[in-house]
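Structure, as structure tokens:
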Amino acid sequence: MASETPHATTLTAVYSAGSSGNEAFSFSHAIPPIAGSSETATVQDKSRYLRDLRAAIVTTQEQVNKELTARMEEDKEKAAAAAADASSLPARKGKGGVVVDDVEEEEHYGEEAQEDED
């Protein structure tokens, strides 16, 4: 009979920012292995492992939420600064003398215009 060597499990969360310009981050938490092999582990050993896993998940979720909230705040500040810069641009007249909002036009670029129904 071969003896099993327990290995620690690692819970890892990775965030890659994609094209948003935000910095990527990752978190890892080592979870102690179940004592003994899967056949010889007691209910207490398994419960301890699951408790440690749950604690690592909760901690990881808290860290991810904190990081994403900080990035959302940064994005809001950047958007507010961009809107302030864009609001200083003069409005232009489009077809039929209608004033065109360049910022809104850019936000909806490539989308079909929705007609207002009266």
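We use all heavy atoms of the structure for the numbers below, so side chains are in, but hydrogens, waters and symmetry mates are not.
Linking Ile, Leu, Val, Met, Phe, Trp and Tyr residues whenever their side-chain heavy atoms come within less than 4.5 Å places I57 and I34 in a single cluster. M72 is not connected to Y15 by any chain of hydrophobic side-chain contacts under 4.5 Å among Ile, Leu, Val, Met, Phe, Trp and Tyr, and they are in different clusters.
Counting heavy atoms of neighbouring residues, nucleotides and ligands inside a 6.0 Å radius, atom CD of E23 does not exceed 12 of them.
Separating the CZ atom in R54 from the OG atom in S47 is a distance of 13.5 Å, to the nearest 0.5 Å. To the nearest 0.5 angstrom, T60 atom OG1 is 4.0 Å from L11 atom CG.
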TODO: Evaluate the criterion salt bridge (charged side-chain N to carboxylate O under 4.0 Å, His left out) for residue pair E74 and K78; output intermediate values, then yes/no.
DONE: CA-CA 6 Å; E74 290 171 9; K78 290 176 188 175; 5.0 Å; no
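Residues A24 and S16 come closest through the heavy atom pair CB-CA, 4.0 Å. The two residues H29 and Q63 have their closest heavy-atom pair at NE2-OE1, 3.0 Å. When every heavy atom of T69 is checked against every heavy atom of N65, the shortest pair comes out as OG1-O, 2.7 Å. Pairing each heavy atom of I31 with each of D52, the nearest pair is CG2-CB, 4.0 Å.
Within the 4.5 Å cutoff, the side chain of V14 has no heavy atoms near those of the F27 side chain. Between Y49 and Q44, every side-chain heavy-atom pair lies at or beyond the 4.5 Å cut-off.
S28 and T10 form no side-chain donor-acceptor contact under 3.5 Å, judged by distance and modelled atom types alone.
Between K66 and E62 no salt bridge is recorded (no basic side-chain N to carboxylate O distance below 4.0 Å). A salt bridge between E73 and K76 is present, with a side-chain N of the basic residue lying under 4.0 Å from a carboxylate O of the acidic one.
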